[in-house]
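What follows is one structure encoded as structure tokens, with my remarks underneath.
Whatever order the structure lists ligands and atoms in, that order sets their numbers, starting from 1. All values derive from a computational prediction rather than experimental measurement.
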Amino acid sequence: MRIDVLTLFPESIEPFFSVSIVGRAVEAGLVSVSCVNFRDFATDKHRSVDDRPFGGGPGMVLMCGPVFDALAHVERQASDTVPTRIMLTPQGEPLTQSLLVELSTHPWLVVLCGHYEGFDERIRQGAGVREISIGDYVVSGGEAAAVVLIDGVVRLLPGALGHECSVVDESFAGGLLEYPQYTRPREFGGMKVPEVLLSGNHAEIAAWRLAQMRERTISRRPDLMMGEDRSSDGGAPN
Ligand code: ADE
């Protein structure tokens, strides 16, 4: 997979691509991630990339010229793959685990990060972007959102995690929150590991975990229960 991030602040996200799971995936050649700075495509002597909004109002708006030129520059390097253009914005489609799964199958993502008051509307209209939001709140720029999206996608690439099954078991994978985990010691500060986990009975452990997943999801996120995926429990009764 290839990911290009178009941003005004590459230095704020580049370090993220060399550590932990994303860093290891890059090193293993599962993904390449690079940043392009819109400012390198400014055409005036002040290297302007944004301007005041027509009609007045606060903030600055990213201009069409540098954004379209940066896109053309990045995509000129294309061989035969078609890039999926993503614009990060609070107005976009909500980012969910199933959207991450879908995006992880695309060979090439080009991610546009906005800042200040956002993008000139004609970038939305003309660039054929898929608008995505990381949640119903506002962060200072698309860079923080890009880190969330890229991490969520890269860890789904086959081989990115040590254990393939960690993706299967974790929260949201089957529409439920994850069961509680314990490790040594068996007792800490008077709190004990549930007996069933020490029993060695794998069927009982699996049943206990499933019950915990359901209980947690019902109490914390009842909205998720509406779409519960029953494939992992063979359709066991509730
Ligand atoms: N930029 C600012 N807030 C954002 C959000 N919630 N999602 C995506 N991009 C953003």
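Heavy-atom neighbours of D44 CG from other residues, nucleotides or ligands within 6.0 Å: above the threshold of 12.
Among all protein heavy atoms, the one lying closest to atom 7 (N) of ligand 1 is I134 N, 3.0 Å. Shortest contact from atom 10 (C) of ligand 1 to any protein heavy atom: P90 CD, 3.7 Å.
With salt bridges taken as basic N to acidic carboxylate O contacts below 4.0 Å, one links R124 and E121. At a threshold of 4.0 Å, the pair R186-E195 does not count as salt-bridged, since none of the basic side-chain nitrogens sits closer than that to a carboxylate oxygen. A salt bridge between R209 and E178 is absent, with no side-chain N of the basic residue lying under 4.0 Å from a carboxylate O of the acidic one. Taking 4.0 Å as the cut-off between side-chain N and carboxylate O, E102 and R130 count as a salt-bridged pair.
Annotation for ligand 1: atoms under 4.0 Å from non-hydrogen atoms of A145 are 8 (C), 9 (N). Of all atoms in ligand 1, listed by their number and element, those nearer than 4.0 Å to a heavy atom of V138 are 3 (N). Within the listing of ligand 1, atoms 3 (N), 5 (C), 6 (N) sit less than 4.0 angstrom from a heavy atom of Y137. Short contacts between ligand 1 and I132, defined as distances under 4.0 Å to a heavy atom of the residue, involve ligand atoms 8 (C). In the vicinity of T89, heavy-atom distances shorter than 4.0 Å reach the ligand 1 atoms 7 (N), 8 (C), 9 (N).
Ring planes of Y182 and W208: tilted class, angle from 30 to 60°.
In this model, a donor atom of one side chain and an acceptor atom of the other lie less than 3.5 Å apart for T7 and E143.
For V139, a nitrogen or oxygen atom sits less than 3.5 Å from a nitrogen or oxygen atom of ligand 1, counting backbone and side chain alike.
Neither the backbone nor the side chain of D136 comes within 4.0 Å of ligand 1, counting heavy atoms alone.
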